[in-house]
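The structure appears below as structure tokens.
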Amino acid sequence: MAGILFIISAPSGSGKSTLVSQLRTLVAGLDFSISYTTRSPRGSEEDGREYHFTSREEFERMVAAGDFLEWAEVFGNYYGTAVSALAHARDAGKDLLLDIDVQGAVQVMKKLPQAVSIFILPPSPEVLEMRLRNRSEAEQVTSEAVIEGRLAEARNELKRIGDYKYALVNDVLDQAVAEMRAIVLFERGARDGVQAVAESCRTDAASPRLSSALGTFGR
Ligand SMILES: Nc1nc2c(ncn2[C@@H]2O[C@H](COP(=O)(O)OP(=O)(O)O)[C@@H](O)[C@H]2O)c(=O)[nH]1
Ligand SMILES: Nc1ncnc2c1ncn2[C@@H]1O[C@H](COP(=O)(O)OP(=O)(O)O)[C@@H](O)[C@H]1O
């Protein structure tokens, strides 16, 4: 059975990482592609867990070698998804989730139009700003200029929302997680023909298997 490729994008600070990590505890069979990036690790991030942290030279070598399904420059750093992530997920019989920016998402949509894209947005620019400030306070790294840049970029990224199949607002976290889970389960259902299977089991569907079993009971 073909795995589903989910593309998730969101303006920085919308809560995408929080949502995705909760989703992964609720839904089995989802592989998460660990991207390559030239940015430095933040807070408690570890190489090979959140990202493969790499040098610009190494990243450029990988681009030249055709190792990336997509790549883009975001906030002055390179980010890319390894082509091998697709084969890994397929071999493991899992669906694959890509957390990538809008530039990368557009590249993947072109190459793999069957991918299911989800855009996450914050309830308002004010809430986005508050989340960016809270997070930067917690991590004690992000400067004012970085926050301003991310807010401006959020407005830019929002322009691409129409390219995505689904959009959800991360206001109340539990609700957004439930919506994301519903999208994943619905798309799996569509792939597996779950509606057709359920309908074939209805008592009024006159299924030959049901008729035959009932016949053996003399009914
Ligand atoms: N195109 C592309 N974007 C990526 C990739 N990995 C992460 N990103 C995006 O890069 C942006 C910055 O990510 P990050 O540095 O983790 O910052 P954060 O979004 O503020 O947590 C986000 O929009 C990510 O979705 C990737 O492999 N390819
Ligand atoms: N629904 C939500 N309500 C309130 N705070 C949230 C919600 N979702 C995420 N956050 C907080 O917002 C900040 C940014 O979330 P994060 O997941 O790091 O964003 P992203 O990965 O999109 O950059 C974090 O401090 C996180 O705890």
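Owing to the predicted nature of the structure, the values given are computational and were not obtained by experimental measurement. Both counts, for ligands and for their atoms, begin at 1 and track the order of listing.
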Between [options], flag the one that comes closest to [atom] by a heavy atom.
atom	options	result
atom 6 (N) of ligand 1	Ser33, Ser40, Ser35, Ser12	Ser35
atom 8 (N) of ligand 2	Val169, Thr18, Asn170	Asn170
atom 14 (P) of ligand 1	Tyr51, Phe75, Trp71, Tyr36	Tyr51

For this session: Assert yes or no for the condition that the ring centre distance of Tyr79 to Tyr51 is strictly below 6.0 Å.
Result: yes
Could you tell me if any non-hydrogen atom of [X] lies under 4.0 Å from any atom of ligand 1?
X	answer
Arg135	yes
Gln107	no
Gly80	yes
Gln103	no

Could you find the nearest protein heavy atom to [atom] and give me its residue, atom name and distance?
atom	result
atom 11 (C) of ligand 1	Val74 CG1, 3.8 Å
atom 15 (O) of ligand 2	Gly15 CA, 3.4 Å
atom 3 (N) of ligand 1	Asp101 N, 3.1 Å
atom 21 (O) of ligand 2	Ser17 OG, 2.3 Å
atom 12 (C) of ligand 1	Tyr79 OH, 3.6 Å
atom 25 (O) of ligand 2	Arg135 CB, 3.9 Å
atom 17 (O) of ligand 1	Arg42 NH1, 3.4 Å
atom 3 (N) of ligand 2	Arg131 NH2, 3.2 Å
atom 22 (O) of ligand 2	Lys16 N, 2.8 Å

Problem set entry | Geometric cation-pi criterion Arg150 and Phe75, 6.0 Å radius, 45° cone | yes
Taking only heavy atoms of [X] into account, list the atoms of ligand 1 that are under 4.0 Å away from them.
X	value
Arg150	17 (O), 18 (P), 20 (O)
Gly104	1 (N)
Glu70	1 (N), 2 (C), 26 (C), 27 (O), 28 (N)
Asp99	4 (C), 5 (C), 6 (N), 7 (C), 8 (N), 24 (C), 25 (O)
Ala72	1 (N)

Exercise. Going by atom types only, do Tyr78 and Thr37 share a side-chain donor-acceptor pair under 3.5 Å?
Worked result: no
For this session: Check whether the side chains of Gln103 and Gln107 place a donor and an acceptor atom closer than 3.5 Å, and report yes or no.
Result: no
For this session: Kindly determine whether Tyr36 and Phe68 satisfy side chain to side chain contact (heavy atoms under 4.5 Å, CB included), including the steps that lead there.
Result: CA-CA 9 Å; Tyr36 286 77; Phe68 289 121; 3.9 Å; yes
Seminar exercise, completed: So OG1 of Thr81 and CG of Asp67: to nearest 0.5 Å the spacing works out to 12.5 Å
Seminar exercise, completed: dist Ile118:CD1 -> Ser9:OG (nearest 0.5 Å) comes out at 9.5 Å
Exercise. Taking everything shown except Gln114 itself, do over 12 heavy atoms lie less than 6.0 Å from its CD?
Worked result: yes
Exercise. What do you reckon, is CZ of Arg188 surrounded by more than 12 foreign heavy atoms closer than 6.0 Å?
Worked result: yes
Exercise. Would you say Lys16 has any N or O atom under 3.5 Å from an N or O of ligand 1, going by distance alone?
Worked result: yes
For this session: Ignoring angles and geometry beyond distance, decide whether Glu157 reaches within less than 3.5 Å of ligand 1 through its nitrogen or oxygen atoms.
Result: no
Which ligand 2 atoms does [X] reach within 4.0 Å, using its non-hydrogen atoms?
X	answer
Leu173	1 (N), 8 (N)
Ser12	23 (O)
Asp171	1 (N), 2 (C), 3 (N)

Looking only at non-hydrogen atoms, find the nearest pair between [X] and [Y] and report the distance.
X	Y	answer
Ile161	Ala167	CD1-CB, 3.8 Å
Arg56	Gly76	NH1-O, 3.4 Å
Gly104	Ala72	N-CB, 4.4 Å

For this session: Please confirm whether the backbone N or O of Gly13 pairs with a side-chain atom of Arg131, one donor and one acceptor, at under 3.5 Å?
Result: no
Problem set entry | Exam field: side chain Asp31 to backbone Leu96, donor-acceptor pair closer than 3.5 Å | no
Exercise. Thinking salt bridges, do Asp95 and Arg191 make one under a 4.0 Å N-O criterion?
Worked result: yes
Exercise. Does the N or O separation between Ala10 and ligand 2 drop below 3.5 Å for any pair?
Worked result: no
Problem set entry | Any N/O pair Gly13/ligand 2 closer than 3.5 Å | yes
For this session: Dump the intermediate steps for side chain to side chain contact (heavy atoms under 4.5 Å, CB included) on Leu23 and Leu30, then the final yes or no.
Result: CA-CA 9 Å; Leu23 178 75; Leu30 260 188; 3.7 Å; yes
